[in-house]
Student: 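Pasting a structure here, questions to come.
By convention in this document, chain letters (A, B, ...) are assigned in the order of the sequence lines, proteins followed by strands, and residues within each chain are numbered from 1.
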2 protein chains.
Amino acid sequence: GMNPDLASERQTASFSVEKLTAQLDGGAEHTRIRRAVVEAIECDPVFSRENQYFQSQNERYEAAVRKAVHLQKKMHEMGWTEDGPEFKYIYRALSGDIAFLLHRIFMRSISVLGSDKQIAKWIPLATQYQLIGSYAQTELGHGTYLQGLETTAVFDITTQEFILNTPKISAMKWWPGDMGRSATHTVVFAQLYIHGKCYGVHPFIVQIRSLQDHSLCPGITAGDIGPKMNFEHVDNGYLMLQNVRVPRENMLNKFCEVQPDGTYARWGSQKINYFTMTTVRISLISDEVIIPLMKACTIAIRYSVVRRQSKLKPGEQEAKILDYQTQQEKLLPQLAAAYAFHFINNYLQELFDKVYREIQGKKFDTLPELHAFSSGFKAMVTQYCTSAVAICLQACGGHGYSLLSGLPSLYTKIVASCIYEGENTILLLQTARFLIKCFMAAGAGQPVPPSVTYLAAVKPGKCPAKNKLDFLSPDVYAEAYQHMAARLISSTAAKLQDLIQSGVKKTDAWNQCTVQLVQAAKAHCHYITVKNFAETVEKLETKAGIQKIMKHLCDLFALHGIFSNGGVFLHDGYVSGAQMDMVTASYLDLLAVIRKDAVPLVDAFDFTDKSLNSALGSYDGQVYQRLYEWAQKSPTNKQMSPAYERYLKPLLHNTLSKL
Amino acid sequence: GMNPDLASERQTASFSVEKLTAQLDGGAEHTRIRRAVVEAIECDPVFSRENQYFQSQNERYEAAVRKAVHLQKKMHEMGWTEDGPEFKYIYRALSGDIAFLLHRIFMRSISVLGSDKQIAKWIPLATQYQLIGSYAQTELGHGTYLQGLETTAVFDITTQEFILNTPKISAMKWWPGDMGRSATHTVVFAQLYIHGKCYGVHPFIVQIRSLQDHSLCPGITAGDIGPKMNFEHVDNGYLMLQNVRVPRENMLNKFCEVQPDGTYARWGSQKINYFTMTTVRISLISDEVIIPLMKACTIAIRYSVVRRQSKLKPGEQEAKILDYQTQQEKLLPQLAAAYAFHFINNYLQELFDKVYREIQGKKFDTLPELHAFSSGFKAMVTQYCTSAVAICLQACGGHGYSLLSGLPSLYTKIVASCIYEGENTILLLQTARFLIKCFMAAGAGQPVPPSVTYLAAVKPGKCPAKNKLDFLSPDVYAEAYQHMAARLISSTAAKLQDLIQSGVKKTDAWNQCTVQLVQAAKAHCHYITVKNFAETVEKLETKAGIQKIMKHLCDLFALHGIFSNGGVFLHDGYVSGAQMDMVTASYLDLLAVIRKDAVPLVDAFDFTDKSLNSALGSYDGQVYQRLYEWAQKSPTNKQMSPAYERYLKPLLHNTLSKL
């Protein structure tokens, strides 16, 4: 049966949960397809995650490989293809707990960087799993700065081969997924040398394990990098190369080639590489960041109406913890953020599709904007959602700390998203560089992309709000965000100029402004997110109560941001102290309003119990039963620990015998 | 050899590292004793943590029990006693990785709550490990709110026994350490019933496992609650009681007793219970929170001068990442916080000792202040340090995410400190209640404790700073903090009064102010921390450069707080926007100054490599070698995975065979 404290929350929904789900999916037909995929995956025991929290790294790896192999069969059975509408739901249905994700990157890099001949040779082999691919870029001592890679590939004109080497320990490849134990091949990024001259970093296809018995190839040292905070299912690996020879044809040569006589030739645009990174960054935002936050909110909010603690009023029953203002203030802004980021992700997807169409027509003008945006949003969304998941975890007290709640693994996984595919600070500085450039251009009257035209019109001013209800107007708060972002960008640009004019070297001046540049880039992304949320709400259908509740969430997201970052709004007096009190009042009022719909709002995310894999967050709210049932399955309860015979018994009995 | 990039950092220290270490230890003699303990523990292979990151929960538990048993022997060998000067260093030297910590709580609760007769019976048994104790308070459905506990103890007058029961699943004891697999006895907190009347929660000594063969006693269901985010070494347990009978003498009866005829008698002061909780909260701040932050800073800062990435200037070598302003801004405020909290912990210890002396003289007047302070500081310091460790982890990029860095386990452990021994929000609200009470009293001209007299003098005003150097004056920034804290407390008190006067029920009004009350309590603790840091710096000896560098750290801690929480300082115009720019300028200047001494400042914490247990943070800075060596020991590299024969080989060969 359903926990009555949870059931009662569903009876008073102010909107249609099913319609909101369809809205989030982009239409009821998508919801239907998604559910069919989830159903097919979840009824198949091979894909079960039931005992995940009890498994060792070795067991997790083995299960992930098993699932990846089984998925091939399943897709065939179900008639799912990589081009079909089901495909994008498979990864979500598996909660990403599967091997061979780098195999796909291996194929993509060949498709993008390889010649037609190379594509014709390698892609069919990879598609049919006649090899397992990986992607070996990062080194022990080198990450973001690709030019710094130290692996070498020296062209040997006599044999028409490249000789690959790891000249020192910091050059060892480190982190590539699927490489520690699975991959037979990998794309190695190395400094190309011809006749002693370095031509920079290039990609080479290298076989690392035998296709017959999986033993390491001559000259190859490889293995697993060991335990990580999460990603136990992935065999992140290391790789050392000692005079490993590959034929000349193994350098991916769509854009450049080493000719038989050692001549180096380069052609075509490399801008498309830029685009590949952008693709990856945008695609991870939904699967790896927003969905995990939605799961964390679902778990924490359902638990918060089932858990009762202390009394709000003497003589009454203990209160649901979600009835405490402090608990609302922890969780509801995270819920609002999940919606805000879902909508900004749609916005990014649309921008991406537009740029993609233009690129196919050989137009690259909008690429810098997309790059700057995807960098900034990747950084902002990952950082925000990581903190949000941490808040959800802590808001569930002790039970949130149990792996069985599902929250620890959501946290330990999402935190990696702040680091991979571009470390966040570096990404924000790329966004900042774009913004500064646009600000300068706008000031000089040059055209800038529509999203940053607001930079042209930075001017002093005052927020017009007269009472707390005025702060429920999107025009009022979006304007405040815009003003604040523009001010931070312009003042940092001014500082940068001042430093340079006072004689500080450009590079030093930039470094001395980076803390503020990061702040400005975040402010811009925050502004765009608020603006986009407000615009999305306006376009929603007014029926079924969806627009109304989304409007509340949009207000909450916006006012939470002002309440939490008061300094940047108050700084130049745009918002006054009295107005900040109005913001606070409206913000706290909204908490009580949204609290009423909190459970329906997480129900709309439509996670199955299996996909949440949480003893706290299940749809029926039977928290305590499930914690107890699951705990009994723990290996720590499987048998009496050898510690008893070895240590406890001698301890207890020795002293007993002395009596 | 030492990594030259790390060695060079040590050559330019502006102060004597050894003298600062002695300062932190409270004198050179303490340093000597601490090092002797560390040396003795670390040279003993039983206490090794070498393979910890590779171990399962079962292995960690067994090792912790082994260490606990071995420690008994070790202490005897070394002549260490629980009263001796060495004792407080043992836990630190073991990094807390030991079993039977609840055995000590078991003993303490008997000492505090038991009669002389009970103490005489149980303490010797416990001391000699003729039993292993635990402490069963928290239930599946009940934590902070003790009155809500559901376990029952019914007095049976005919047999002179209490009959203990777990009436429903939410009443199951859940979380008690050492109880899942080790304990033979526990103190069970249960609602006492006599002749059908409930007398509230009382403690009962209950045997749960046989002293002969460790099997569960009749009526007892118990086991391990399964995997957690950390604390794998602790067997947190569950316990269900079904008509478990204990003799009348097993109710701890220093303060109350059930007489043979069922008469309930109560006497004496229970205020001392209050004091027990306070003791635990204060004692955890150093061991469980500040030391882990110091470790995280040591690891992240040493790594940040060894890791080079990208170029600050074209043509130069790649730069040490600590030379980037953004990296300094991530790490150096955390370093300053570690020092700030070390000093506030000394302050709390002194306050504690003073109150303790008074209590021994039967004076309880200062207990509320100590309780409010220890609650607030526990909450503030755990929250701050948890965030700080997360920042250190993320600042190390991918390598920080490897368990081998030591940072993930520091994070996953410290985050629990926000939850246990009083959930932080609840603690801050207790502090807030005290502050509101003092504010009211001060306003009414009544005497208040010295630390809160500032509340009597809330008045408008302006920060007198004229330029950025003025913000390096402790008077200026401490005054700003004081003003800000007083304003937040007074405005929240006013809101509370307004609500009540407008007819809102007192309890509802309180709930509607809790977000702001929490903010006010944090502000107070932040202010006291800044003030105490400044006062500590003033008292330091001016020789050896220690005062100077501590002054810089104090300034940084204070200005970082203003920079990061600008809104509360700008709100009423006490600090102007122009002054906030001065704060920012001074703050950023300080980063560059302190950066020069960053490595010596973490060296002064004096952690051995074994206690850091980090491939990134070792004293010699040989990061890459160590990562590689450690990874090779991972169980994931011990043998070819069965996944190859089972899944990879069929996959690769099936398709190969089709060719």
Student: With a 4.5 angstrom heavy-atom cut-off, is it the side chain or the backbone of B:Q625 that approaches chain A, or both, or neither?
Tutor: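 Contact with chain A: backbone and side chain both.
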
Student: Less than 4.5 Å to any heavy atom of chain B: does that hold for the side chain of A:T584, its backbone, both, or neither?
Tutor: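 A:T584 touches chain B through side-chain heavy atoms alone.
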
Student: Does some side-chain heavy atom of B:M229 sit less than 4.5 Å from a side-chain heavy atom of A:T412?
Tutor: yes

Student: Could you have a look at A:V568, A:D581, A:N424 and say which one has the most heavy-atom pairs with chain B under 4.5 angstrom?
Tutor: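 Of A:V568, A:D581, A:N424, A:D581 has the most heavy-atom pairs under 4.5 Å with chain B.
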
Student: Quick check for you: among B:Q57, B:M580, B:K649, B:H142, which has the greatest number of heavy-atom pairs under 4.5 Å with chain A?
Tutor: B:H142

Student: Tell me, side chain or backbone of B:F100 under 4.5 Å from chain A's heavy atoms, or both, or neither?
Tutor: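 Contact with chain A involves the side chain of B:F100 alone.
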
Student: What residue, out of A:H70, A:K633, A:K313, has the most heavy-atom pairs lying under 4.5 Å from chain B?
Tutor: A:K313

Student: Which pair of non-hydrogen atoms, one from B:Q394 and one from A:C418, has the smallest distance, and what is that distance?
Tutor: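 Residues B:Q394 and A:C418, closest heavy atoms: OE1-CB, 3.5 Å.
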
Student: Does the distance from a Lys or Arg side-chain N to an Asp or Glu carboxylate O, for B:K330 and A:E423, drop under 4.0 Å?
Tutor: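 So B:K330 pairs with A:E423 through a salt bridge.
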
Student: Give, as side chain, backbone, both or neither, the part of A:R181 having an atom under 4.5 angstrom from any heavy atom of chain B.
Tutor: both

Student: Counting only heavy atoms closer than 4.5 Å, note whether A:Q383 contacts chain B via side chain, backbone, both or neither.
Tutor: side chain

Student: Taking all heavy atoms of B:I225 and all of A:L404, pick out the closest pair and write down the distance.
Tutor: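 Between these two residues, the closest heavy atoms are O-CD1, 3.9 Å.
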
Student: Of the backbone (N, CA, C, O) and the side chain (C-beta and beyond), which part of B:T514 lies under 4.5 Å from a heavy atom of chain A, both, or neither?
Tutor: both

Student: Who among B:V69, B:L429, B:T326, B:V65 has the most heavy-atom pairs with chain A under 4.5 Å?
Tutor: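 The answer is B:T326.
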
Student: Backbone N or O of A:T636 within a donor-acceptor pair of the B:D235 side chain at under 3.5 Å?
Tutor: no

Student: Is B:T127 in contact with chain A via its backbone, its side chain, both, or neither, using a 4.5 Å heavy-atom distance?
Tutor: neither

Student: Identify, with sequence neighbours excluded, every residue that meets side-chain hydrogen bond (donor to acceptor under 3.5 Å, both in side chains) alongside B:K495.
Tutor: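 So B:K495 forms a side-chain hydrogen bond (donor to acceptor under 3.5 Å, both in side chains) with B:Q516.
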
Student: With a 4.5 angstrom heavy-atom cut-off, which part of A:I419 approaches chain B: side chain, backbone, both or neither?
Tutor: side chain

Student: So, for A:Q512 and B:L588, which heavy atoms are closest and what is the spacing to 0.1 Å?
Tutor: O-CD1, 4.4 Å

Student: Please determine whether side chain to side chain contact (heavy atoms under 4.5 Å, CB included) holds for the pair A:Y145 and B:K311, giving the CA-CA distance in whole Å, both sets of side-chain angles, and the decisive distance to 0.1 Å.
Tutor: CA-CA 9 Å; A:Y145 185 68; B:K311 299 189 179 184; 3.3 Å; yes

Student: Mind checking what makes side-chain hydrogen bond (donor to acceptor under 3.5 Å, both in side chains) contact with B:Y61, not counting sequence neighbours?
Tutor: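 B:Y61: side-chain hydrogen bond (donor to acceptor under 3.5 Å, both in side chains) contacts with B:S182.
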
Student: With only heavy atoms counted, which part of B:Y420 is less than 4.5 Å from chain A, the side chain, the backbone, both or neither?
Tutor: neither

Student: Which word best sums up how the rings of A:W174 and B:H399 line up, parallel for under 30°, tilted for 30 to 60°, or perpendicular for over 60°?
Tutor: perpendicular

Student: For chain B, which of A:M640, A:Q72, A:H214, A:K228 has the most heavy-atom pairs under 4.5 Å?
Tutor: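 Counting heavy-atom pairs under 4.5 Å, the top option is A:H214.
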
Student: Looking at A:A578, A:S56, A:G566, A:A631, which one has more heavy-atom pairs under 4.5 Å with chain B than the rest?
Tutor: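 Among A:A578, A:S56, A:G566, A:A631, the one with the most close pairs to chain B is A:A631.
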
Student: Heavy-atom cut-off 4.5 Å, strictly under: side chain, backbone, both or neither for B:K506 against chain A?
Tutor: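 Neither; nothing under 4.5 Å.
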
Student: When heavy-atom pairs shorter than 4.5 Å are enumerated against chain B, which of A:P635, A:G573, A:G577 gives the highest number?
Tutor: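 Among the listed options, the one with the most contacts to chain B is A:G577.
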
Student: Examine whether an atom of A:Y238 lies under 4.5 Å from a heavy atom of chain B, and if so say whether it belongs to the side chain, the backbone or both; otherwise answer neither.
Tutor: side chain

Student: Side chain, backbone, both or neither: which part of A:I426 has a non-hydrogen atom closer than 4.5 Å to chain B?
Tutor: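 Only the side chain of A:I426 comes within 4.5 Å of chain B.
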
Student: Should the ring pair B:Y401 and A:W175 be called parallel, tilted or perpendicular, given that the plane angle runs from 0 to 90° and is split at 30 and 60?
Tutor: tilted

Student: Does any backbone or side-chain atom of B:V515 lie under 4.5 Å from a heavy atom of chain A? Answer side chain, backbone, both or neither.
Tutor: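 Its backbone and side chain both get close to chain A.
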
Student: Heavy-atom pairs under 4.5 Å with chain B: which of A:V518, A:D508, A:N565 has the most?
Tutor: A:D508

Student: Where on B:D572 is there a heavy atom nearer than 4.5 Å to chain A: the side chain, the backbone, both, or neither?
Tutor: neither

Student: What's the separation between atom CG in A:N511 and atom CD in B:Q328, rounded to the nearest 0.5 Å?
Tutor: 7.0 Å

Student: Can you say whether A:C513 sits under 4.5 Å from chain B via the side chain, the backbone, both, or neither, judging by heavy atoms?
Tutor: backbone

Student: Could you state the interatomic distance from CD1 (A:I169) to OH (B:Y624), rounded to the nearest 0.5 Å?
Tutor: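 Between atom CD1 of A:I169 and atom OH of B:Y624 there are 10.0 Å.
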
Student: Considering non-hydrogen atoms only, spot the tightest contact between A:G226 and B:S634 and give its length.
Tutor: CA-OG, 3.5 Å

Student: Is any side-chain heavy atom of A:E62 closer than 4.5 Å to a side-chain heavy atom of B:Y647?
Tutor: yes

Student: Which bit of B:R308 comes within less than 4.5 Å of chain A, counting heavy atoms only: side chain, backbone, both or neither?
Tutor: backbone

Student: Is it the backbone or the side chain of A:Y411 that comes under 4.5 Å from a heavy atom of chain B, or both, or neither?
Tutor: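 Side chain only.
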
Student: Is there a side-chain contact between A:N637 and B:D224 in this structure, where contact means two heavy atoms from C-beta onward sitting under 4.5 Å apart?
Tutor: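 In short, these two side chains touch, coming nearer than 4.5 Å.
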
Student: Where does B:Q622 contact chain A at under 4.5 Å (heavy atoms): side chain, backbone, both or neither?
Tutor: neither

Student: Quick check for you: among B:G148, B:G398, B:G223, which has the greatest number of heavy-atom pairs under 4.5 Å with chain A?
Tutor: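 Top option by heavy-atom pairs under 4.5 Å: B:G398.
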
Student: Can you tell which part of B:T184 gets under 4.5 Å to a heavy atom of chain A, answering side chain, backbone, both or neither?
Tutor: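 Answer is side chain: those atoms of B:T184 sit under 4.5 Å from chain A.
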
Student: Need one label for B:N230: side chain, backbone, both or neither, based on atoms under 4.5 Å from any heavy atom in chain A.
Tutor: both

Student: Counting only heavy atoms closer than 4.5 Å, note whether B:T386 contacts chain A via side chain, backbone, both or neither.
Tutor: side chain

Student: What closest approach, in Å, do B:G143 and A:R307 show between heavy atoms, and which atom pair accounts for it?
Tutor: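 Of all heavy-atom pairs spanning B:G143 and A:R307, the closest is N-NH2, 3.3 Å.
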
Student: When rounded to the nearest 0.5 angstrom, what distance separates CG in B:L651 from CD in A:Q130?
Tutor: 10.0 Å

Student: Compare every heavy atom of A:Y644 with every heavy atom of B:Q212, then report the nearest pair and how far apart it is.
Tutor: O-OH, 3.3 Å

Student: Identify which part of B:Y628 has an atom lying under 4.5 Å from any heavy atom of chain A, answering side chain, backbone, both or neither.
Tutor: both

Student: Counting only non-hydrogen atoms closer than 4.5 Å, does A:A99 touch chain B with its backbone (N, CA, C, O), its side chain (CB onward), both, or neither?
Tutor: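 Neither part.
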
